[in-house]
Structures are given as structure tokens and as C-alpha cells.
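Contents: one structure, followed by commentary.
Values reported hereafter were calculated over all heavy atoms of this structure, with side chains retained and with hydrogens, waters and symmetry mates removed. Naming convention: chains lettered A, B, ... in sequence-line order (proteins, then strands); numbering from 1 in each chain. Predicted, not measured: the structure shown is a model, and the values here were computed from it.
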Number of protein chains: 2
Amino acid sequence: MPDTDGSHGSHEGAFEIAHPHRELLDQVLDKWSLSVLGELCERPCRFNELRRAIPAVTQKSLTATLRRLERNGIVERVLLSSRPVAVEYRITPLGKTMRPPVEVLLEWAAAHMPEIERARRAFDLE
Amino acid sequence: MPDTDGSHGSHEGAFEIAHPHRELLDQVLDKWSLSVLGELCERPCRFNELRRAIPAVTQKSLTATLRRLERNGIVERVLLSSRPVAVEYRITPLGKTMRPPVEVLLEWAAAHMPEIERARRAFDLE
DNA sequence: CTGTATCCCACGCGATACTG
DNA sequence: CAGTATCGCGTGGGATACAG
């Protein structure tokens with residue numbers, strides 16, 4: 001990354017995002033992914049099982065989410081039967097590795113929600 | 001938590017998102033926030049300093065990102081001088097608490113990127 | 001320097017209808 | 001049951017111009 005004015009040196013890439021990681025997080029932390037992952041972490045699910053578990057999601061979005069997660073190797077699509085079509089979605093080993101980071105994130109959110117809501121109210125007041 | 005395996009009962013609400021947490025993460029993990037946080041974690045920054053540090057962001061998006069982070073109490077906007085307007089952005093104590101979770105996330109991304117890229121190529125091939 | 005104000009487009013996502 | 005097809009809207013965000 002071009003350090004236009006090198007007055008005091010550049011930062012090491014500790015927090016560096018910009019390219020590939022940012023894009024990955026977009027794919028994997030999008031609107032419905034965490035809900036889906038949450039379900040599949042507990043048990044394999046059929047398509048409509050997921051719909052019922054996550055009532056707010058539409059067919060289209062759920063399909064898109066599952067395809068995206070599948071493409072990234074996070075979930076696996078298993079054809080159980082082709083006569084009356086039956087499909088099951090499972091989390092992959094790679095998908096399971098997402099849990100700890102996500103848990104940490106959620107714990108952060110839970111822990112600081114009150115403080116953040118206070119900040120919002122204060123900000124909105126002005 | 002390396003909890004045994006997948007065949008256990010539901011642990012209620014652990015991975016629960018849907019409502020307020022999802023919305024918080026959207027505000028705080030959006031397209032440019034991590035880059036901004038990364039810069040401000042290292043030093044307070046002026047507006048244009050941030051623009052230079054994150055060349056791909058536009059004025060509009062940077063402003064929006066800073067406002068959103070400010071509203072959530074993650075960054076602080078400090079007026080240094082009003083004659084020739086001078087503003088400095090700083091990370092708040094609350095903002096600093098975001099670092100560990102984000103680091104964990106980025107380390108996950110970095111560690112599994114190769115595997116994910118393999119998954120993508122495999123998926124796209126079919 | 002630090003922003004606002006427009007314009008505009010791509011796209012995420014919902015609603016609805018249809019299919020194997 | 002497990003999707004695909006189509007339409008349409010809201011909005012995130014880029015480009016550009018202007019302002020205090």
C-alpha cells in the first residue's frame with residue numbers, strides 16, 4: 001500500500017484489510033450466514049427446516065446464502081434422494097472453524113450492546 | 001469452545017442473531033470500518049490522513065463510516081481548531097475493545113484463505 | 001481542510017409465480 | 001420438497017461539484 005508521505009513510517013499489516021479478507025468476510029458474514037451457520041452447527045438441516053428455523057429469510061435469500069457458503073466450502077449440500085427430491089445441508093470441517101471467531105464476535109457484541117446503545121442515544125440527541 | 005461434536009442438544013441463543021446483534025455487526029463491520037479502525041488503532045488521524053491511508057475510499061463513504069462509528073461510540077471526533085477547520089478522529093476505549101474480536105476474525109480469514117480458495121475453484125469448475 | 005449535495009447505478013433482498 | 005424465474009424497490013456507495 002503506497003505510503004504517500006513516509007513521514008513517520010507505515011504501519012505493519014496487522015489490521016490490514018482492503019483486498020481479499022474483506023471480500024471473504026463479506027461472503028461469510030453477510031445478512032443470513034450467521035443464522036444459517038448457527039443452525040447447521042447444531043444439526044444437519046433440510047432446506048425447509050432452515051426456512052422454519054429462520055422465519056425471516058425468504059427462499060431466494062436462503063438459497064443464495066447456502067450457495068455462497070457452499071462455494072466457500074463452509075457448508076456441504078448432500079443429495080439424500082432424487083425421487084422426491086431431498087437435500088440436506090451440513091456444516092463442513094472448515095465451516096466449524098468459523099465458530100470460535102464468530103463466538104468471540106458475538107460475545108463482544110453482547111457485552112457492549114448497552115454501552116453502544118447509550119452512545120447512540122447520546123449521539124442522536126444532538 | 002471445542003464442544004464435543006455435532007450431536008448435542010440445542011444450546012439456546014448462543015449463536016442467536018437475527019435481531020440486535022446482527023444490526024450492530026452491520027454497522028461496525030461494514031465495508032470500510034475495519035480499515036478505519038485499523039488506522040485509528042495506531043494513531044489519531046485527520047480526515048485527509050485517513051483518505052490517504054485508505055486510498056480506495058471516497059469522501060462520502062469515509063464520512064459516512066466515521067459518522068456511523070462515532071454514533072456507535074467506537075470513534076471520537078475532536079475539533080482541533082475552527083478557523084481553518086481541523087478535525088481529528090480517535091478511537092475510543094469502547095472502540096479498542098473491538099480489536100481482539102476483529103483480530104481473531106482476521107486470523108481466521110488469513111489461516112483459511114487457501115482452503116477457501118481451493119473450495120471456490122472446485123465449486124466454480126462444475 | 002472537512003465536509004454537503006446531487007446524480008446515478010449496481011445489487012441485495014423481498015414478493016410472487018412457476019417447475020421437476 | 002427444493003428450488004428457478006421475474007419484477008421491483010431501497011440503499012450502499014462511486015463520481016462529481018460545491019461550501020464553510
What integer distance in Å separates [X]:[atom1] from [N]:[atom2]?
X        : N       : atom1 : atom2 : answer
Arg68(A) : dG12(C) : CZ    : P     : 8 Å
Leu66(B) : dG3(C)  : CG    : C1'   : 11 Å
Ile54(A) : dC13(C) : CD1   : P     : 13 Å
Arg51(B) : dG3(C)  : CZ    : P     : 11 Å

Q.
To check you understand the geometry: which heavy-atom pair defines the closest contact between Arg68(B) and Asp30(B), and what is its length?
A. NH2-OD2, 2.6 Å
Q: Note down the inter-axis angle between the two ends of the helix from dC1(C)-dG20(D) to dG20(C)-dC1(D), five pairs each, to the nearest 10°.
A: 40°
(Q) Considering every strand and a 4.0 Å limit on heavy-atom distances, what is the contact class for Arg67(B): base, sugar-phosphate, or nothing? (A) sugar-phosphate
Q: Check salt bridge (charged side-chain N to carboxylate O under 4.0 Å, His left out) between Glu107(B) and all other residues, then give those that pass, not counting sequence neighbours.
A: none
(Q) Run the salt bridge (charged side-chain N to carboxylate O under 4.0 Å, His left out) test against Arg77(B) and tell me which residues pass, sequence neighbours left out. (A)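 Arg77(B): no salt bridge (charged side-chain N to carboxylate O under 4.0 Å, His left out) contacts found.
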Would you list the protein and nucleotides 17-19 of chain C atom pairs, both N or O, that sit under 3.5 Å from each other?
residue	atom	partner	partner atom	Å
dA17(C)	N6	Gln59(A)	OE1	3.4

**Q.** Thr63(B) side-chain proximity, nearest of dG3(C), dC1(C), dC13(C)
**A.** dG3(C)
Q: Could you list all the salt bridge (Lys or Arg N to Asp or Glu O under 4.0 Å) pairs where at least one residue sits in residues 111-121 of chain A, not counting sequence neighbours?
A: Arg120(A)-Glu23(B)
Compare side-chain N and O positions of [X] against OP1 and OP2 of [N] and report whether any pair is under 4.0 Å apart.
X        : N       : value
Lys31(A) : dG14(C) : yes
Thr58(A) : dA15(C) : no
Arg46(B) : dC1(C)  : no

Min side-chain heavy-atom separation [X]-[Y] under 4.5 Å:
X        : Y         : result
Arg22(B) : Leu25(B)  : yes
Leu37(B) : Val28(B)  : no
Thr97(A) : Trp108(B) : yes
Leu40(A) : Leu69(A)  : no
Leu62(A) : Val36(A)  : yes
Leu24(B) : Asn72(B)  : yes

Q.
Holding to side-chain contact (heavy atoms from CB on, under 4.5 Å), I want the full list of residues that pass it with Asn48(B), two or more places apart in sequence or in another chain.
A. Arg51(B), Arg52(B)
Q. Between residues 75-90 of chain B and DNA chain D, which residues have a heavy-atom gap below 4.0 Å?
A.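 Nucleic-acid contacts, sorted: Val85(B).
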Q: If you link ILVMFWY side chains whenever their heavy atoms are less than 4.5 Å apart, which other residues fall into the same cluster as Leu125(B)? By chain and number, please.
A: none
Q) For Leu80(A), which fellow cluster members are found when Ile, Leu, Val, Met, Phe, Trp and Tyr are connected by side-chain heavy-atom distances below 4.5 angstrom, either directly or through intermediates? A)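 Same cluster as Leu80(A): Val78(A).
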**Q.** chain A footprint on DNA chain D, 5' to 3' - any atom under 4.0 Å from a heavy atom
**A.** dC1(D) to dC7(D)
Q. Is there a donor-acceptor pair under 3.5 Å between the side chain of Arg46(A) and the backbone N or O of Val87(A)?
A. yes
Q | Atom pair CE (Met98(B)) and CG (Leu29(B)), whose distance is rounded to the nearest 0.5 Å | A |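 Spacing of CE (Met98(B)) from CG (Leu29(B)) equals 5.5 Å.
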Please produce a list of atom pairs where a protein N or O lies less than 3.5 Å from an N or O of nucleotides 6-10 of chain C.
residue	atom	partner	partner atom	Å
dC7(C)	N4	Lys60(B)	NZ	3.4

Q: Taking side-chain hydrogen bond (donor to acceptor under 3.5 Å, both in side chains) as the test, write out the residues that go with Gln59(A), two or more places apart.
A: none
